[in-house]
Amino acid sequence: MGIISKLTGCGSYLPKNVVTNADLAKKVDTSEEWIFSRTGIKQRHHAAVGENTSDLALIAAERALLHAGVNGHDVDLIVVGTTTPDRTFPATAVRIQKNLGCDHGAAFDVQAVCSGFIYALSIVDSMLKAGQFKTALVIGADTLSRLLNWEDRTTCVLFGDGAGAVVVQAFEVDTNSFHDGGILSTHIHSDGSMEDLLYCDGGPSTTQTTGYITMSGKEVFRHAVTKLASVVTEALAANNLKDIDIDWLVPHQANKRIIDSTVKKLNMPKDKVVLTVHDHANTSAASIPLALDRAVHDGRIKRGDLLLMEAMGGGLTWGAALARW
Ligand code: UT7
């Protein structure tokens with residue numbers, strides 16, 4: 001006998017307020033054409049005043065629980081990937097725990113910026129397989145609009161707000177009989193020597209402010225292309241799989257040109273890629289579960305499909321996960 005962990009439901013939420021490229025061009029020295037041609041972004045959603053990361057996360061979590069047919073009281077682990085917590089402390093995850101009416105188990109946040117969902121999934125996968133918890137919520141939620149410097153056109157057009165969640169459950173299986181494997185493997189990396197390529201220039205122990213996003217876009221782009229290619233190769237090799245085995249690539253949605261390069265590397269048909277960046281820009285930790293939820297609920301992703309998820313973000317951090325839906 002052994003324990004596998006499986007994705008059993010997903011949900012997501014985007015704030016109602018839509019900001020188009022044309023809206024931005026009215027207040028920033030940019031154009032609809034520049035933003036779309038360089039990134040693939042057409043619009044983003046911005047949280048309303050008073051609408052916090054935990055509010056977006058809670059709706060995504062409730063939808064994921066409903067989809068999985070799991071009651072909030074049965075959740076014994078909540079891990080939130082976020083860079084924009086409601087409060088400096090405690091973790092946004094404990095607020096979600098309270099708001100779900102969940103009074104046992106553990107809840108904490110993970111800070112890996114745009115790789116936050118993959119990091120959170122990796123931690124939860126290990127904890128479930130170790131037999132420590134049974135039913136987990138993995139949430140990616142961010143309100144990066146709160147960290148934008150409207151005087152910096154090189155970053156302020158790129159980000160949006162949103163949340164996505166998955167329910168992950170542990171199942172005991174007979175390892176000698178057939179089972180689909182659930183989450184096959186996760187792979188996470190970081191290289192702190194590149195922390196200055198993408199960071200927020202504030203912090204509780206330095207400026208006592210939250211600060212603004214600062215990015216060396218071209219260099220981050222270059223690293224994204226090579227590091228994502230390397231980590232997806234690593235994930236496939238670890239499972240003795242080939243690129244043709246993948247049913248769906250569910251990538252972090254930062255820039256369509258970065259996604260296109262991973263697709264080229266994997267030699268995948270474009271209709272096997274879930275693309276949502278046009279609709280909500282870069283939502284940091286939320287972008288993979290937002291894309292997953294879109295393709296599950298519109299019927300593209302079906303039970304048993306093999307998913308490859310990948311992301312890279314500030315840190316630099318990067319990672320990938322292979323899972324059967
Ligand atoms: O999720 C975390 C990971 N983040 C990323 O993956 C982002 C990675 N980087 C990128 O996606 C791209 O580097 C950007 C979209 C940020 C920039 O695209 P680029 O093709 O690398 O453009 P660039 O930075 O080389 O800028 C080209 C030109 C510059 O003008 P000059 O110097 O050629 O005259 C910029 O000043 O575009 C100008 N520019 C803009 N023009 C209009 C920069 N931002 C804007 C803007 N509107 N918003």
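All values derive from a computational prediction rather than experimental measurement. Just so you know, ligand 1 is whichever comes first in the structure, and atom 1 is the first atom listed for that ligand.
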Q: Under 4.0 Å from a heavy atom of C114: give me the atoms of ligand 1 that qualify, with their elements.
A: 1 (O), 2 (C)
Q. Considering E219, H252, Q253, M215, which one's heavy-atom position lies nearest to atom 7 (C) of ligand 1?
A. M215
**Q.** Heavy atom of protein inside 4.0 Å of atom 37 (O) of ligand 1, strictly below
**A.** yes
Q | For V157, atoms of ligand 1 separated by under 4.0 Å from a heavy atom | A | 48 (N)
**Q.** Ring-ring centroid check H67 H297, cutoff 6.0 Å
**A.** yes
(Q) I'd like to know whether ligand 1 has L158 as a neighbour, heavy-atom separation below 4.0 Å. (A) yes
Q) Identify the closest protein heavy atom to atom 11 (O) of ligand 1: which residue and atom is it, and at what distance? A) N255 ND2, 2.7 Å
Q: For R257, counting its heavy atoms only, list the atoms of ligand 1 lying under 4.0 Å from any of them.
A: 18 (O), 19 (P), 20 (O)
Q. Can an N or O of G217 be found at a distance shorter than 3.5 Å from an N or O of ligand 1?
A. yes
(Q) Are there over 12 heavy-atom neighbours, none belonging to K265, within less than 6.0 Å of that residue's NZ? (A) no
Q | Distance filter under 4.0 Å to R38 heavy atoms, resulting ligand 1 atoms | A | 19 (P), 20 (O), 22 (O), 27 (C)
(Q) Using a 6.0 Å distance limit plus a 45 degree cone around the ring axis, check whether K302 lies over the aromatic ring of W325. (A) no
Q: Provide, to 0.1 Å, the distance between atom 48 (N) of ligand 1 and the closest protein heavy atom, together with that atom's residue and name.
A: R153 O, 2.8 Å
Q.
Between D76 and K134, is the salt bridge (Lys or Arg N to Asp or Glu O under 4.0 Å) condition met? List the steps.
A. CA-CA 7 Å; D76 56 4; K134 286 204 172 337; over 6 Å; no
Q. How far is atom 43 (C) of ligand 1 from its nearest protein heavy atom, and which residue and atom name does that atom have?
A. W34 CZ2, 3.4 Å
Q: Give the numbers and elements of all ligand 1 atoms closer than 4.0 Å to a heavy atom of N282.
A: 1 (O), 2 (C)
Q: Calculate, to the nearest 0.5 Å, the distance between atoms NZ and NE2 belonging to K218 and H223 respectively.
A: 13.5 Å
Q) With only distance considered, is S31 within less than 3.5 Å of ligand 1 through an N or O on each side? A) no
Q. In the protein, which heavy atom is nearest to atom 3 (C) of ligand 1, and how far is it?
A. V220 CG1, 3.7 Å
Q. Out of K218, K256, E32, R222, whose heavy atom sits nearest atom 23 (P) of ligand 1?
A. K218
Q.
Would you say that more than 12 heavy atoms from the other residues, nucleotides or ligands in this model lie under 6.0 Å from the CZ of R300, or not?
A. yes
Q.
Would you say CD of E151 has more than 12 non-hydrogen atoms from neighbouring residues, nucleotides or ligands within 6.0 angstrom?
A. no
Q) Looking at atom 5 (C) of ligand 1, would you say a protein heavy atom lies below 4.0 Å from it? A) yes
Q.
For a quick check under 3.5 Å, do D279 and Q43 share a side-chain donor-acceptor pair by atom type?
A. yes
Q. Is atom 20 (O) of ligand 1 less than 4.0 angstrom from some protein heavy atom?
A. yes
Q. Can you check whether M312 reaches V220 side chain to side chain, under 4.5 Å on heavy atoms?
A. yes
Q: Answer yes or no for atom 25 (O) of ligand 1: protein heavy atom present at a distance under 4.0 Å?
A: yes
Q. Nearest protein heavy-atom contact for atom 47 (N) of ligand 1: which residue, which atom, what distance?
A. T30 OG1, 2.7 Å
**Q.** Side chain proximity check, I41 to H280, heavy atoms < 4.5 angstrom
**A.** no
**Q.** Between T276 and H278: side-chain donor-acceptor atoms closer than 3.5 Å
**A.** no
(Q) With heavy-atom distances below 4.0 Å as the criterion, list the atoms of ligand 1 near I258. (A) 6 (O)
Q. If you measure from each non-hydrogen atom of F221 to ligand 1, which part falls under 4.0 Å: side chain, backbone, both or neither?
A. both
Q. Any N or O of T39 that comes nearer than 3.5 Å to an N or O of ligand 1?
A. no
Q. Is any side-chain heavy atom of L147 closer than 4.5 Å to a side-chain heavy atom of L144?
A. yes
Q) Counting only heavy atoms not in F108, do more than 12 sit closer than 6.0 Å to its CZ atom? A) yes
